[in-house]
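First up is the structure itself, then whatever we jot down about it.
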Number of protein chains: 2
Amino acid sequence: MSDRSQFRAVGLKTTLPRLKVMEILENSGERHMTAEDVYKEMLNLKEEIGLGTVYRVLNQFEQAGLVERNNFESGSSVFEIKSDSHHDHLVCMKCGVVEEFFDPSIEAQQEKVAKMAGFQIAGHSLSIYGFCSDCQE
Amino acid sequence: MSDRSQFRAVGLKTTLPRLKVMEILENSGERHMTAEDVYKEMLNLKEEIGLGTVYRVLNQFEQAGLVERNNFESGSSVFEIKSDSHHDHLVCMKCGVVEEFFDPSIEAQQEKVAKMAGFQIAGHSLSIYGFCSDCQE
DNA sequence: GTATCTGCAAACGATTTGCAATCCC
DNA sequence: GGGATTGCAAATCGTTTGCAGATAC
């Protein structure tokens, strides 16, 4: 599905800023970017845009279910294109690299925990913090 | 261990604001409080304190390992007294209640995941969001 | 043409910080 | 006494918002 039709499907007009933000999320090396990251990359590519617009567009994308927001311990939110499959994150505390993983047994166990506590699950966030293989001494 | 000697052990002078903040964290009904919560409770108890000081004290406590900071999806950090035993959280998205849980199999599985990715674990944060038994329709 | 969208700058909420006055040992 | 700590207000950071002009369809 093209970005164009993707936007139409969720009721967003196809505008240059939206196309560009989506393109950067899709094509820049890093899947997990802050609004600032996207903004700077945009300037690198010599595109005119306001930081406010980046935030607005990312929020619209989030509400439309096109991107996912993650709050790691860094102070600012990171955004990634929403894949069909849920996953959690490993975050390197030194270089900041983010790896994704999915573990069925952890997922299943969370269901059990919630059920035992009488909670109806709406979502969850699991982030493992540590040092990636390149950042250990 | 008294708060007094606890403070001395981590190199913090025993001052009224620090004693009061610790007391509130220990004795107010809720284990999970924002800086604002602590501040308001302080005013309730007719204690003079600045919000800035509450933040400063909580940060010192965190660095000293006396309290733990959690960033749920709410926008502000919540603090709780650090217990000897690690645990994760179930957070109600309606009433905000927080329940703690510990699940050995989830913990163990995280170790495996990290090892497979070549990560050296430093910590993790797992929050399950949903609706508590009182908040389901 | 017109409703939607953008850029800009001002506003915001949470948190931190500089500094002079105050407190603890 | 003197370094650590506080209160206060101003500063900062990430993010949101109001509004006038620009854009998509």
Side-chain angles (χ1 to χ4, degrees), chain A residues 2-24 32-43 45-64 66-79 96, chain B residues 2-24 32-43 45-64 66-79 96:
Chain A
S2 75
D3 293 342
R4 251 201 143 61
S5 48
Q6 216 179 20
F7 291 159
R8 200 151 16 203
V10 297
L12 294 174
K13 275 189 183 165
T14 304
T15 64
L16 204 59
R18 290 188 184 140
L19 284 170
K20 282 295 167 189
V21 168
M22 187 52 81
E23 191 184 313
I24 286 177
H32 303 83
M33 304 181 78
T34 65
E36 276 282 337
D37 290 341
V38 173
Y39 177 62
K40 287 197 189 126
E41 180 69 9
M42 198 75 81
L43 298 187
L45 301 177
K46 307 278 181 257
E47 298 289 341
E48 297 278 322
I49 199 171
L51 179 54
T53 302
V54 173
Y55 275 104
R56 238 174 332 217
V57 167
L58 286 172
N59 278 332
Q60 291 158 348
F61 286 178
E62 187 193 9
Q63 285 180 36
L66 302 178
V67 312
E68 192 174 307
R69 177 197 302 257
N70 278 98
N71 297 303
F72 299 142
E73 284 178 2
S74 61
S76 36
S77 299
V78 309
F79 298 85
Chain B
S2 74
D3 293 342
R4 253 201 139 62
S5 48
Q6 216 180 21
F7 290 159
R8 200 150 16 200
V10 297
L12 293 173
K13 273 188 186 166
T14 303
T15 64
L16 204 59
R18 298 215 259 242
L19 284 170
K20 282 296 168 189
V21 168
M22 186 52 80
E23 191 184 313
I24 286 176
H32 302 85
M33 304 180 79
T34 65
E36 276 283 335
D37 290 342
V38 172
Y39 177 63
K40 287 195 188 126
E41 180 67 11
M42 197 76 81
L43 298 188
L45 302 177
K46 305 280 182 259
E47 298 290 341
E48 297 278 322
I49 199 170
L51 179 55
T53 302
V54 172
Y55 275 104
R56 239 176 327 217
V57 167
L58 286 172
N59 278 333
Q60 291 158 347
F61 286 179
E62 186 193 10
Q63 284 181 36
L66 303 179
V67 312
E68 194 174 307
R69 176 197 302 258
N70 278 98
N71 297 303
F72 300 141
E73 283 177 3
S74 62
S76 35
S77 300
V78 308
F79 298 84

Those residues of residues 48-57 of chain A lying under 4.0 Å from DNA chain C by at least one heavy atom: A:Glu48, A:Ile49, A:Gly50, A:Thr53, A:Arg56
Residues touching DNA chain C, which here means a heavy atom under 4.0 Å, drawn from residues 11-22 of chain B: B:Lys13, B:Thr14
List the residues meeting side-chain hydrogen bond (donor to acceptor under 3.5 Å, both in side chains) with [X], not counting sequence neighbours, and say none if there are none.
{"X": "B:Arg56", "value": "none"}
{"X": "A:Thr34", "value": "A:Asp37"}
{"X": "B:Arg69", "value": "B:Asn59, B:Glu62, B:Ser77"}

Pair A:Ile24-A:Leu45, side-chain contact (heavy atoms from CB on, under 4.5 Å): steps then yes or no: CA-CA 10 Å; A:Ile24 286 177; A:Leu45 301 177; 4.1 Å; yes
Where chain B begins and ends its contact with DNA chain D, read 5' to 3' at 4.0 Å from heavy atoms: D:dG3 to D:dC8
Nucleotide interval of DNA chain C bounded by contacts with chain A (heavy-atom cut-off, under 4.0 Å): C:dA3 to C:dC8
Residues which pass ring pair (Phe, Tyr, Trp, His ring centres under 6.0 Å) with B:Tyr39, listed by chain and number, not counting sequence neighbours: none
Measuring from [X]:[atom1] to [Y]:[atom2], what's the distance to the nearest 0.5 Å?
{"X": "B:Leu58", "Y": "B:Met33", "atom1": "CG", "atom2": "CE", "value": "9.5 Å"}
{"X": "A:Glu73", "Y": "A:Asn71", "atom1": "CD", "atom2": "CG", "value": "11.0 Å"}
{"X": "B:Glu36", "Y": "B:Lys40", "atom1": "CD", "atom2": "NZ", "value": "5.0 Å"}

Run the side chain to side chain contact (heavy atoms under 4.5 Å, CB included) test against [X] and tell me which residues pass, sequence neighbours left out.
{"X": "B:Phe7", "result": "B:Asp3, B:Leu12, B:Thr14, B:Arg18, B:Leu19, B:Met22, B:Phe61, B:Leu66"}
{"X": "A:Gln63", "result": "none"}
{"X": "A:Glu23", "result": "A:Lys20, A:Asn27"}

Closest heavy-atom pair and its distance - B:Pro17, B:Ile49: CB-CD1, 4.0 Å
Shortest non-hydrogen separation from B:Leu43 to B:Glu47 and the atoms involved: CD2-O, 3.7 Å
Residues A:Val21, A:Val57; criterion side-chain contact (heavy atoms from CB on, under 4.5 Å); working and verdict: CA-CA 8 Å; A:Val21 168; A:Val57 167; 4.0 Å; yes
Heavy-atom check, side chain of A:Val38 versus side chain of A:Val54, under 4.5 Å: yes
Sugar-phosphate only, base, or nothing, as touched by B:Arg8 at under 4.0 Å among non-hydrogen atoms: nothing
Axis-to-axis angle between the two ends of the helix from C:dG1-D:dC25 to C:dC25-D:dG1 (five base pairs per end, rounded to 10 degrees): 30°
